[in-house]
Each structure stands twice: as C-alpha cells, then as structure tokens.
Amino acid sequence: MKMHDLNLPDAVNAHFFDTPDDAAKALADAVAQHIAERLLIAPRASLVVSGGATPLPFFEALREKPLDWSRVDILLADERWVPENHEASNTRLVKENLLQGPASEANYLSLKQPGETPADGLAAVEAALADLHLPLDVLILGMGNDGHTASLFPDAPELGKALDTDAAAIVLPMTPPSQSEKRITLTLRALSRAGFTALHLKGDDKLETLQAACSDISRVREMPVRAFLKPGLQIFWSA
C-alpha cells in the first residue's frame with residue numbers, strides 16, 4: 001500500500017513519517033500546543049490516551065513538555081479489566097511511561113476500579129470520572145487490524161450502546177469474544193467532539209486497515225474507527 005493510495009474523507013489530515021520517533025515527536029508537539037492553548041482559557045485540560053506499544057515514544061516525548069501539568073486530567077480511552085501490576089494493564093503503561101518527570105504532576109483518572117468485573121466496578125468508574133468535562137480537549141486513539149478503536153470492538157455485544165451518542169453513558173463494560181480480557185471503554189458520546197483528535201498508527205498493515213475503513217465510512221459497526229474519520233481528524237503514521 002502506498003500512502004497516496006489512501007482515499008481519506010475530506011478534511012481528514014494525514015501526516016506520514018519515516019520513523020516512530022519522528023511521528024511521536026510531531027504528535028507530542030501538536031498535543032502540547034493544544035493543551036497549552038486550552039489552559040490559557042480554561043482552568044483545566046483533558047487528555048485521553050490509548051495503550052499498547054505504539055504510543056510509548058509519544059509518551060516519552062510528551063512527558064517532558066513544559067506544561068502546567070497539575071491542571072491536566074489524563075485518562076485512557078479504554079482499559080483491560082486486569083490488576084494494575086498485570087502485564088496487560090494500560091494503567092501501568094501510562095504510569096511508567098507518561099506520568100513521569102514534569103508530567104508526574106498530572107491528575108490521572110483510572111478506568112480500573114475495584115470489582116471482579118467491569119460491570120461490578122462500573123459505578124466506581126463513573127464516580128472517578130464525575131468531574132470530567134466534555135467535550136474532551138485532546139484525544140489520541142489507536143486502531144486494531146479489525147478496525148476497532150478504544151474498546152469499540154466489532155464483535156462486542158455492547159457495541160450498539162457504546163456507539164449511541166444519544167445515550168447518557170460515557171463509559172461502558174465491553175466483553176468482545178475475540179479478546180481474552182474483559183474491557184471498559186469510553187463511549188462514542190464521550191470520545192466524540194474532542195477539540196483535537198489524532199489517530200496514531202504504525203506499520204503498513206495499519207495503512208491497509210485504514211484504507212479498508214475509508215472505503216465505506218457509513219458502516220461503523222463493522223469497523224468502529226470509521227466513527228472518527230470525519231473533518232478535523234489528524235492521522236500520524238510511521239513505518
């Protein structure tokens with residue numbers, strides 16, 4: 001797949017980089033600028049990030065930015081329902097790689113709360129997010145090769161509720177059969193309309209998935225990332 005083969009929707013901007021570090025630095029610069037501008041006019045700013053290996057160099061670049069981190073609320077777009085010391089915990093990933101140095105002053109809102117299942121812990125998660133202001137200020141998403149983003153998986157029985165922007169819920173348990181762990185995710189209502197939204201991708205396989213998603217953005221349930229392929233989206237991709 002060649003970069004020029006992508007048939008992106010109008011007003012979706014793509015930035016292509018030779019290395020993951022180059023993409024990470026550019027994304028960190030853009031995010032820091034948006035947060036700084038937001039803090040000039042608002043008491044706090046929100047930053048939603050995604051887990052996995054792709055954002056690690058972005059976390060390392062962003063955490064050194066000279067922001068008023070004490071006024072920044074950071075949370076994940078989704079989380080696996082595992083203990084924080086589990087190797088699959090994205091909370092652990094964020095604390096070890098983003099909430100360091102200057103960024104250690106940020107306020108972290110955890111999607112993982114006590115409870116055997118996401119359903120058991122849902123009320124505690126909702127309480128933890130009670131002061132989260134919507135719309136979000138900055139949202140950084142990833143994408144799986146099945147077209148999922150956050151924990152909006154095509155095979156999740158809860159997907160319809162999670163995609164319903166008229167529903168009140170901003171966070172929901174997700175139990176996709178394709179995944180080994182139960183999940184909790186911010187809903188489309190919470191994730192939509194962020195002041196700055198970026199899709200952070202790495203590898204040719206993600207370009208192929210993105211091309212498939214762009215082929216028919218109306219069929220959101222088949223590839224939920226399509227819900228974000230709209231004007232204003234910034235795509236940061238590296239080889």
Side-chain angles (χ1 to χ4, degrees), residues 20 24 46-60 62-63 72-100 103-104 106-132 136 138-163 169-191 198-203 205-206 209 223-225 228:
S46 57
L47 167 61
V48 175
V49 298
S50 297
T54 297
L56 293 183
F58 161 65
F59 290 165
E60 293 170 1
L62 182 62
R63 72 192 185 192
V72 180
D73 298 315
I74 296 178
L75 65 156
L76 283 156
D78 67 317
E79 177 62 293
R80 300 178 180 92
W81 202 258
V82 296
E84 188 175 316
N85 60 3
H86 193 285
E87 62 179 9
S89 170
N90 285 325
T91 291
R92 176 187 59 79
L93 198 77
V94 167
K95 288 186 175 181
E96 292 180 356
N97 296 278
L98 177 55
L99 301 180
Q100 300 290 327
S104 64
N107 177 39
Y108 182 66
L109 305 175
S110 181
L111 295 187
K112 177 62 175 71
Q113 297 292 332
E116 286 297 313
T117 69
D120 294 336
L122 181 59
V125 177
E126 290 172 338
L129 302 185
D131 293 330
L132 180 66
L136 300 168
V138 177
L139 169 64
I140 312 300
L141 293 169
M143 179 185 69
N145 286 331
D146 60 354
H148 86 268
T149 190
S151 278
L152 304 175
F153 285 88
D155 66 331
E158 304 89 352
L159 183 61
K161 292 180 180 179
L163 293 177
I170 66 167
V171 62
L172 281 176
M174 302 294 279
T175 58
S178 60
Q179 302 302 303
S180 57
E181 294 100 3
K182 294 180 174 62
R183 309 270 185 135
I184 191 155
T185 191
L186 295 182
T187 63
L188 185 58
R189 174 175 177 259
L191 295 169
L199 188 59
H200 188 193
L201 307 174
K202 182 176 72 172
D205 57 331
K206 295 302 175 70
T209 301
M223 299 184 78
V225 72
F228 300 92

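These numbers were taken from a predicted model, which means no experiment stands behind them.
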S.K.: Give the C-alpha distance, both sets of side-chain angles, the deciding distance and a yes or no for side chain to side chain contact (heavy atoms under 4.5 Å, CB included) between Leu139 and Phe228.
M.R.: CA-CA 11 Å; Leu139 169 64; Phe228 300 92; 4.2 Å; yes
S.K.: Stepwise, does the side chain to side chain contact (heavy atoms under 4.5 Å, CB included) test hold for Leu159 with Phe153?
M.R.: CA-CA 7 Å; Leu159 183 61; Phe153 285 88; over 6 Å; no
S.K.: Taking Glu79 for its side chain and Arg183 for its backbone only, find out whether a donor-acceptor pair lies under 3.5 Å.
M.R.: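 Absent.
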S.K.: Could you go through the side chain to side chain contact (heavy atoms under 4.5 Å, CB included) check for Leu186 and Leu129 one step at a time?
M.R.: CA-CA 10 Å; Leu186 295 182; Leu129 302 185; 3.9 Å; yes
S.K.: Would you mind reporting whether Val225 and His148 have side-chain heavy atoms less than 4.5 Å apart?
M.R.: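 They are not in side-chain contact.
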S.K.: In Å and rounded to the nearest 0.5 Å, what is the CG to CG distance from Leu62 to Asn97?
M.R.: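 Interatomic distance, Leu62 CG to Asn97 CG, rounded to 0.5 Å: 12.0 Å.
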S.K.: Once you measure the plane-to-plane angle for His200 and Phe58, does it fall in the parallel (<30°), tilted (30-60°) or perpendicular (>60°) bin?
M.R.: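 It falls in the perpendicular class, over 60°.
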S.K.: What closest approach, in Å, do Gly144 and Thr209 show between heavy atoms, and which atom pair accounts for it?
M.R.: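 Between these two residues, the closest heavy atoms are O-CG2, 3.5 Å.
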S.K.: Do Leu111 and Trp81 have side chains that approach each other closer than 4.5 Å (heavy atoms only, starting at C-beta)?
M.R.: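 No; the side chains remain at least 4.5 Å from each other.
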S.K.: If you compare all heavy atoms of Ile74 against all heavy atoms of Ala106, which two are closest, and at what distance to 0.1 Å?
M.R.: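 Minimum heavy-atom separation between Ile74 and Ala106: CD1-CB, 3.6 Å.
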S.K.: Please report the shortest heavy-atom distance between Thr91 and Leu76, naming the atom on each side.
M.R.: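 Heavy atoms of Thr91 and Leu76 come nearest at N-CD1, 3.7 Å.
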S.K.: Determine yes or no for a side-chain-to-main-chain donor-acceptor pair under 3.5 angstrom, with Arg80 supplying the side chain and Glu181 the backbone.
M.R.: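 No: the side chain of Arg80 does not pair with the backbone of Glu181.
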S.K.: How long is the straight-line distance from OG of Ser178 back to CG of Asp155, given to the nearest 0.5 Å?
M.R.: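 It is 3.5 Å, given to the nearest 0.5 Å.
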S.K.: So how far is it from Leu141 CG to Leu191 CG, rounded to the nearest 0.5 Å?
M.R.: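 These two atoms lie 6.0 Å from each other.
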S.K.: What heavy-atom pair brings Ser110 and Ala128 nearest, and what distance separates the two atoms?
M.R.: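 Reported closest heavy-atom pair: O-CB, 4.1 Å.
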S.K.: When you measure from the side chain of Thr175 to the backbone of Lys182, do you find a donor-acceptor pair of N or O atoms at a distance under 3.5 Å?
M.R.: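 No: the side chain of Thr175 does not pair with the backbone of Lys182.
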S.K.: Answer whether the closest heavy-atom distance between the side chains of Leu98 and Leu93 falls below 4.5 Å.
M.R.: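 Side chain of Leu98 against side chain of Leu93, heavy atoms only: no contact under 4.5 Å found.
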S.K.: Let me confirm one number: the CG-CG distance from Asn107 to Leu132, rounded to the nearest 0.5 Å.
M.R.: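 That separation rounds to 10.0 Å.
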S.K.: Mind checking the OG-CD spacing from Ser89 to Glu96? Nearest 0.5 Å is all I need.
M.R.: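 If we round to the nearest 0.5 Å, Ser89:OG and Glu96:CD are 8.5 Å apart.
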S.K.: Thinking salt bridges, do Glu84 and Lys95 make one under a 4.0 Å N-O criterion?
M.R.: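 Between Lys95 and Glu84 there is a salt bridge, with a charged N closer than 4.0 Å to a carboxylate O.
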S.K.: Could you grab the distance from atom NE2 of His86 to atom CZ of Arg92, nearest 0.5 Å is fine?
M.R.: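 Result: 9.5 Å between the selected atoms.
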S.K.: Under 3.5 Å, is there a donor-acceptor pair between the side chain of Lys202 and the main chain of Pro20?
M.R.: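 No, Lys202 side chain to Pro20 backbone: no donor-acceptor pair under 3.5 Å.
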S.K.: Closest heavy-atom contact between Thr187 and Val171?
M.R.: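 Result for this residue pair: CG2-N, 3.7 Å.
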S.K.: Over all heavy atoms of both residues, which pair between Ile140 and Val138 is shortest? Give the atoms and the distance, please.
M.R.: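 Closest pair (atom of Ile140, atom of Val138, distance): CD1-CG1, 3.9 Å.
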S.K.: Does any N or O in the side chain of Glu158 come within less than 3.5 Å of the main-chain N or O of Leu172, such that one atom is a donor and the other an acceptor?
M.R.: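 Answer holds: no.
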S.K.: Just wondering, do Ser151 and Ile184 contact through their side chains at under 4.5 Å, heavy atoms?
M.R.: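 SC-SC contact between Ile184 and Ser151 ruled out.
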S.K.: Side chain to side chain donor-acceptor pair (under 3.5 Å) between Thr185 and Asp78: does it pass, once the steps are laid out?
M.R.: CA-CA 4 Å; Thr185 191; Asp78 67 317; 5.2 Å; no
S.K.: Evaluate the side-chain proximity of Asp120 to Leu122: yes if any heavy-atom separation is below 4.5 Å, no if none is.
M.R.: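 SC-SC contact between Leu122 and Asp120 ruled out.
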